[in-house]
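Remember, predicted model here, so these are calculated numbers, not experimental data.
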Amino acid sequence: MEKKLEIRTGCDRGLCHQAIGRQDRQLNTYDWLADVPGNTDDTDLVEVQFKHTRKGYYHNVNHLELKKGDIVAVEANPGHDIGVVTLTGRLVKLQIKKANLKSSEEIRRVYRIARPVDMEKFREAKSREHATMIESRQIAKNLGLKMKIGDVEYQGDCNKAIFYYIADERVDFRQLIKDLAATFHVRIEMKQIGARQEAGRIGGTGPCGRELCCATWMKNFSSVGTSAARFQDISLNPQKLAGMCAKLKCCLNYEVDCYVEASRKMPSKDTVLQTMDGEYFFFKSDILAGMITYSTDKNLAANLETITAERARQIIEMNRKGEKPENLQEDSKKHEKKRPVDLATQENINRFDRAKKKKKKKKPQKSQPKDANQ
């Protein structure tokens, strides 16, 4: 009998396919409650994502069986918009708290699952976005406005267009809105974004080799200062500290709390250690490893000695009492200086001239018996 292959599509094994959804969406969220019974019974809220990083939250008033990855038509002002469901159930409540949506008026309704007619209109709207962005930049340039239009997003029904722009100063774009409305015959909405938000919308690959954090999971941006680099002993090189947005990298804040906590266990850099051998000045430190390197010269690397932070505190306490240890290293851990190894004395240097493989000796050929007739 032939064995039939059973294909499992449920959530009974491995990762739930309903929780993963469309991985090509930016700011994708893994719904780890997708396979929990009654997950969608607690709330009718759903999270819908539009172009790039724009997300919205809506009530499923029609009680549609929505799952992650469904394309739906939602309420907009005016008309309707087309987006992709990225989250359902209890986790949506947590996302709303994260987005600070306190007013219930900001949460609109889900109309229906997108129809072929809706998708055709949606594709038509998306095809106009790039040309609109190029033309709108020229209009802003003709008006002499100091701003950059980074992206244009049409609503799903082509009744509205959102223009995302970057500007260092306040811009009076009242005349710009009139010219854009007269040119494209849609309702205009101007939305100012920062350089980090623009990098998140465009996307890209960072110097670490991975996709940008702002384009994959980071939604809220915290201020990054040069003090974060100082705590981690990172050289203040603007070219290396700047990200794709030309601002300080957000990842500078990821480990700074760990470095601040570890640095509290380290002695002050200005403290001079006094031993019977002489004075030792701070040269460099490995904060996470708790190791400090001292030099006998204040400005140069001379006679470097590396000790633990605990040993340095012991010597500082001894100096306060007027005592001096023989050297920085503990007596049990005193090490001798390693001498350079001379390869010529270790082994014959002519070994490189030897053949790698010896030729095999040829075996003597057996003599054939002579013919008696000869």
Side-chain angles (χ1 to χ4, degrees), residues 206-210 213 218 221-244 246-354:
C208 59
R210 303 184 65 179
C213 297
M218 182 181 289
F221 300 94
S222 56
S223 59
V224 184
T226 55
S227 58
R230 292 192 182 96
F231 279 121
Q232 301 174 66
D233 286 337
I234 301 176
S235 61
L236 300 179
N237 188 345
Q239 295 180 351
K240 293 185 178 181
L241 295 181
M244 302 295 289
K247 304 292 184 180
L248 291 177
K249 295 177 183 177
C250 296
C251 55
L252 290 174
N253 283 346
Y254 294 170
E255 299 178 353
V256 65
D257 293 336
C258 183
Y259 275 87
V260 171
E261 183 178 354
S263 63
R264 294 172 183 170
K265 303 177 183 179
M266 307 290 285
S268 175
K269 297 180 180 180
D270 299 330
T271 305
V272 180
L273 303 186
Q274 297 179 356
T275 64
M276 301 295 290
D277 296 340
E279 295 183 344
Y280 286 86
F281 302 90
F282 176 86
F283 182 70
K284 66 177 182 178
S285 65
D286 189 343
I287 298 177
L288 297 183
M291 304 298 292
I292 310 174
T293 302
Y294 287 92
S295 171
T296 54
D297 194 303
K298 191 174 184 179
N299 300 319
L300 301 175
N303 303 321
L304 297 180
E305 293 282 351
T306 302
I307 59 175
T308 62
E310 184 179 358
R311 174 62 177 169
R313 287 195 299 269
Q314 292 177 0
I315 297 176
I316 293 173
E317 188 64 25
M318 293 176 65
N319 294 156
R320 288 176 181 174
K321 297 178 181 179
E323 301 176 0
K324 294 182 181 180
E326 293 184 5
N327 48 55
L328 290 185
Q329 301 292 340
E330 298 180 15
D331 295 337
S332 59
K333 297 182 179 180
K334 186 177 180 181
H335 63 278
E336 298 180 356
K337 295 183 179 180
K338 295 183 179 180
R339 297 179 179 178
V341 179
D342 190 359
L343 295 177
T345 59
Q346 295 293 326
E347 192 174 352
N348 188 1
I349 199 170
N350 295 328
R351 68 187 185 279
F352 297 109
D353 298 333
R354 299 172 186 171

Problem set entry | Residue pairs fulfilling salt bridge (charged side-chain N to carboxylate O under 4.0 Å, His left out) with at least one residue in residues 274-283, sequence neighbours excluded | none
For this session: Report the residues that fulfil side chain to side chain contact (heavy atoms under 4.5 Å, CB included) with K324, sequence neighbours left out, ordered by chain and then residue number.
Result: Q274, M276, N319
For this session: Indicate yes or no: at least one non-hydrogen side-chain atom of I307 is less than 4.5 angstrom from one of Q329.
Result: yes
Problem set entry | Heavy-atom closest contact (T226 atom, L248 atom, distance) | N-CD1, 3.9 Å
Exercise. Roughly how far, to the nearest 0.5 Å, is CD of E305 from CZ of R311?
Worked result: 11.0 Å
For this session: Apply side chain to side chain contact (heavy atoms under 4.5 Å, CB included) to Q239 and list each qualifying residue two or more places apart in sequence or on a separate chain.
Result: N237
For this session: To the nearest 0.5 Å, tell me how far S268 OG sits from R313 CZ.
Result: 13.0 Å
For this session: Under the side-chain contact (heavy atoms from CB on, under 4.5 Å) rule, what do T275 and N327 come out as? Steps first, then yes or no, please.
Result: CA-CA 6 Å; T275 64; N327 48 55; 5.5 Å; no
Exercise. Do T308 and M291 have side chains that get closer than 4.5 Å, going by heavy atoms?
Worked result: yes
Exercise. Going by heavy atoms in the side chains, are P325 and M318 under 4.5 Å from each other?
Worked result: yes
Exercise. Can you check whether F281 reaches D297 side chain to side chain, under 4.5 Å on heavy atoms?
Worked result: no
Problem set entry | Within 6.0 angstrom of E310 CD, more than 12 heavy atoms from elsewhere | no
For this session: Scan residues 227-237 for pairs that pass salt bridge (charged side-chain N to carboxylate O under 4.0 Å, His left out), counting only residues two or more places apart or in two chains.
Result: D233-K269
Problem set entry | Set of residues satisfying side chain to side chain contact (heavy atoms under 4.5 Å, CB included) with respect to T296, sequence neighbours excluded | Y280, A302, N303
Exercise. Is R320 salt-bridged to E317, going by a charged N under 4.0 Å from an acidic O?
Worked result: yes
For this session: Might you work through the side-chain contact (heavy atoms from CB on, under 4.5 Å) test for L328 and Y294, ending with a clear yes or no?
Result: CA-CA 9 Å; L328 290 185; Y294 287 92; 4.0 Å; yes
For this session: State which residue, out of V272, T271, I292, fulfils the side-chain contact (heavy atoms from CB on, under 4.5 Å) condition with F282.
Result: I292
What pairs of donor and acceptor atoms, side-chain ones from residues 249-266 against any protein atom, are under 3.5 angstrom apart with sequence neighbours left out?
{"residue": "K249", "atom": "NZ", "partner": "K240", "partner atom": "O", "Å": "2.9"}
{"residue": "N253", "atom": "ND2", "partner": "S223", "partner atom": "O", "Å": "3.2"}
{"residue": "S263", "atom": "OG", "partner": "Y259", "partner atom": "O", "Å": "3.2"}
{"residue": "S263", "atom": "OG", "partner": "V260", "partner atom": "O", "Å": "2.7"}

Exercise. So do the side chains of I234 and L241 get within less than 4.5 Å of each other, counting heavy atoms only?
Worked result: yes
